[in-house]
**Student:** 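Would you mind keeping the following structure in view while I ask a few things?
Here is how names work: the chains are called A, B, and so on, in the same order as the sequence lines, proteins then strands, and each is numbered from 1. As the structure is a prediction and not an experimental result, all values here were calculated from the model. Side chains are part of it too, since the values below use all heavy atoms of this structure and drop only hydrogens, waters and symmetry mates.
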Number of protein chains: 2
Amino acid sequence: MNDARTALLDTALERFVERGYESTGIQEIVDRAGVSKPTLYHHFGCKEGLLLALLAESLEPFQSRLESAANHQDDLPLALNRVTRAFFDFAGQSPQFYRLVICLASAPSGSASARAFAPYAARWHAVLKRLFAAASNPRVHSRSAQLAVTFLGVINTWISLALNDAIALDQDLAFQAVHQYMHGIYA
Amino acid sequence: MNDARTALLDTALERFVERGYESTGIQEIVDRAGVSKPTLYHHFGCKEGLLLALLAESLEPFQSRLESAANHQDDLPLALNRVTRAFFDFAGQSPQFYRLVICLASAPSGSASARAFAPYAARWHAVLKRLFAAASNPRVHSRSAQLAVTFLGVINTWISLALNDAIALDQDLAFQAVHQYMHGIYA
DNA sequence: CAATAAATTTACCGAACGGTATAAAAAGAT
DNA sequence: ATCTTTTTATACCGTTCGGTAAATTTATTG
């Protein structure tokens with residue numbers, strides 16, 4: 001039975017989003033999940049293992065979709081649209097989890113939170129960078145690293161806004177966001 | 001002598017940026033600062049008091065500059081330029097401190113980090129919102145709250161990029177950022 | 001110089017931390 | 001039905017946590 005495992009992952013997500021990974025005690029998680037401490041250590045090895053498993057469970061599937069959205073190199077705006085919709089859909093389907101992602105992405109560099117998320121951040125950045133680097137325009141090509149960072153920043157800003165103010169992360173918003181961003185590049 | 005006080009604030013900033021407020025122990029701070037534990041409690045009352053003092057010391061002066069930059073309601077792009085330059089100058093002069101700001105701004109809502117920074121975040125948002133709300137264009141006026149959030153998001157994205165990749169937060173970048181953002185509004 | 005107030009130290013507190021040795025219960029396989 | 005493996009629980013480990021009482025040093029003031 002992986003009943004306990006699922007309960008632990010659910011509870012961990014809830015507590016990590018509310019109070020943060022570092023401030024949440026193992027005891028609090030197991031109590032709320034209705035299991036005992038050694039059960040957690042049996043399934044996840046250590047506290048960090050719980051966080052890593054929580055991230056892998058949701059981020060691995062998303063990574064596949066993200067890379068397939070970015071792979072077909074037809075033209076840049078279309079690819080950026082697919083990427084943006086992938087992010088918006090993901091955040092819309094798992095809002096609580098994406099709240100955690102936003103916390104981890106800005107966590108202090110030496111913290112366990114940042115270390116756990118770092119590999120995924122690097123992969124996201126690589127996907128976007130490759131996309132911009134493949135553009136014909138030399139202004140875009142030569143700035144691919146910067147553009148990757150600022151594009152992800154814009155996306156996360158919109159998602160943050162949606163998570164707090166309940167605006168819709170629909171295709172229209174994705175189109176507008178990409179359109180505005182593309183214009184900014186050439187300005 | 002406020003020698004100990006200054007040493008504690010400096011050390012706290014360094015450790016909070018590196019490992020985060022929640023993961024940094026009082027013991028570690030006083031050891032590195034070369035003082036003893038009750039000295040810290042004499043000056044700051046409690047651990048959270050240390051964080052609050054650290055924030056107040058740098059953010060109160062900045063708040064004055066930010067509000068004066070936003071006050072003269074000549075026209076929106078000019079005001080946004082002054083605001084952007086205020087942020088860029090601040091981040092350029094205190095890069096380590098602004099790293100802390102970025103961490104706190106995205107910290108879990110129920111954490112001590114987020115609670116400490118929340119009042120400043122609210123004031124920043126209010127300043128920007130008032131600026132957009134004063135615009136004549138109804139599309140800008142009616143979306144002032146959203147625009148305030150997204151504008152701060154763009155600014156922080158640029159600053160994050162500068163802190164990691166050592167690009168220059170100069171007046172040109174401020175002008176470009178505002179210009180691109182303004183175009184996006186009317187698109 | 002004496003008296004007072006502020007700053008700092010030594011030594012300690014109870015509680016919560018992450019983690020584990022041992023063993024009982026549950027599930028699957030033969 | 002029994003044996004084996006996986007899963008869960010009781011009770012506990014040493015360490016570190018934030019915080020403090022009491023006393024000592026340092027600086028200020030009359």
**Student:** Partners of F97(B) by ring pair (Phe, Tyr, Trp, His ring centres under 6.0 Å), sequence neighbours excluded?
**Tutor:**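 F97(B): ring pair (Phe, Tyr, Trp, His ring centres under 6.0 Å) contacts with F90(B).
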
**Student:** Run the ring pair (Phe, Tyr, Trp, His ring centres under 6.0 Å) test against F132(A) and tell me which residues pass, sequence neighbours left out.
**Tutor:**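 Result, ring pair (Phe, Tyr, Trp, His ring centres under 6.0 Å) vs F132(A): none returned.
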
**Student:** Considering only heavy atoms, which members of residues 27-37 of chain A lie under 4.0 Å from some atom of DNA chain D?
**Tutor:**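 When residues 27-37 of chain A is checked for heavy atoms under 4.0 Å from DNA chain D, the hits, listed by number, are V35(A), S36(A).
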
**Student:** With respect to C103(A), which candidate in S111(B), S106(B), C103(B), P108(B) satisfies the side-chain contact (heavy atoms from CB on, under 4.5 Å) definition?
**Tutor:**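 The passing option is P108(B).
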
**Student:** Is there a side-chain contact between L100(B) and F117(B), using heavy atoms and a 4.5 Å cut-off?
**Tutor:** no

**Student:** How many whole angstroms separate atom NE2 of H42(B) from atom P of dT26(D)?
**Tutor:** 16 Å

**Student:** Check the distance between dC17(C)'s P and L50(A)'s CG and give it to me in whole angstrom.
**Tutor:** 15 Å

**Student:** Report the distance from atom CZ of F44(B) to atom C1' of dA6(C), rounded to the nearest whole Å.
**Tutor:** 15 Å

**Student:** Check nucleotides 21-24 of chain C against the protein and report each pair of N or O atoms closer than 3.5 Å, with its distance, or say if there are none.
**Tutor:**
none

**Student:** Can you tell me how far the OG1 atom of T39(B) sits from the NE2 atom of H43(B), to the nearest 0.5 Å?
**Tutor:** 6.5 Å

**Student:** If every non-hydrogen atom of A135(B) is compared with every non-hydrogen atom of H141(B), which pair is closest and at what distance?
**Tutor:** O-CB, 3.9 Å

**Student:** Apply side-chain contact (heavy atoms from CB on, under 4.5 Å) to T6(A) and list each qualifying residue two or more places apart in sequence or on a separate chain.
**Tutor:**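 Checked T6(A) against side-chain contact (heavy atoms from CB on, under 4.5 Å); matches are D10(A).
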
**Student:** Donor-acceptor pairs under 3.5 angstrom involving side-chain atoms of residues 45-66 of chain B: please list them, not counting sequence neighbours.
**Tutor:**
unit_1	atom_1	unit_2	atom_2	d
K47(B)	NZ	Y21(B)	O	2.9
K47(B)	NZ	T24(B)	O	3.0
E57(B)	OE1	R5(B)	NH2	3.1
E60(B)	OE2	Y120(B)	OH	3.4
Q63(B)	OE1	W124(B)	NE1	3.2
Q63(B)	NE2	E67(B)	OE2	3.1
S64(B)	OG	E60(B)	O	3.4
R65(B)	NH1	D89(B)	OD2	3.2
R65(B)	NH2	D89(B)	OD2	2.9

**Student:** Using the C1' atoms of the five pairs at each end, what is the angle between the end axes of the helix from dC1(C)-dG30(D) to dT30(C)-dA1(D), to 10°?
**Tutor:** 10°

**Student:** What residues from residues 14-26 of chain B pass a heavy-atom cutoff of under 4.0 Å to DNA chain C?
**Tutor:** none

**Student:** For a quick test of your reading: what N or O donor-acceptor pairs under 3.5 Å do the side chains of residues 164-172 of chain B make, sequence neighbours left out?
**Tutor:**
unit_1	atom_1	unit_2	atom_2	d
N164(B)	ND2	S160(B)	O	3.2
D170(B)	OD1	D172(B)	N	3.4
D170(B)	OD1	L173(B)	N	3.0

**Student:** Considering only side-chain heavy atoms of Y41(B), which listed nucleotide, dT6(D), dT20(D), dT8(C), is closest?
**Tutor:**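 Of dT6(D), dT20(D), dT8(C), dT20(D) is nearest to the side chain of Y41(B).
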
**Student:** Which residues satisfy the salt bridge (charged side-chain N to carboxylate O under 4.0 Å, His left out) test with R82(B), sequence neighbours excluded?
**Tutor:**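 Listed in chain order: D74(B).
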
**Student:** With sequence neighbours excluded, tell me which residues meet side-chain contact (heavy atoms from CB on, under 4.5 Å) with D75(B).
**Tutor:** P77(B), L78(B)

**Student:** With respect to the side chain of H43(B), which nucleotide from dG19(D), dT8(C), dG19(C) is positioned closest?
**Tutor:** dT8(C)

**Student:** Using distance only, find each side-chain donor-acceptor pair of residues 30-38 of chain B under 3.5 Å and give its atom names and separation, not counting sequence neighbours.
**Tutor:**
unit_1	atom_1	unit_2	atom_2	d
D31(B)	OD1	Q27(B)	NE2	3.4
K37(B)	NZ	Q27(B)	OE1	3.3

**Student:** Nearest whole angstrom, please: distance from the C1' of dA27(D) to the CG of D3(B).
**Tutor:** 14 Å

**Student:** Nearest whole Å is fine: how far is dA26(C) P from R5(A) CZ?
**Tutor:** 23 Å

**Student:** Tell me which nucleotide among dT8(D), dG19(C), dG19(D) gets nearest to the side chain of K47(B).
**Tutor:** dG19(D)

**Student:** In the single-linkage hydrophobic clustering (I, L, V, M, F, W, Y; side-chain heavy atoms under 4.5 Å), do I155(B) and M182(B) co-cluster?
**Tutor:**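 Cluster IDs for I155(B) and M182(B) match.
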
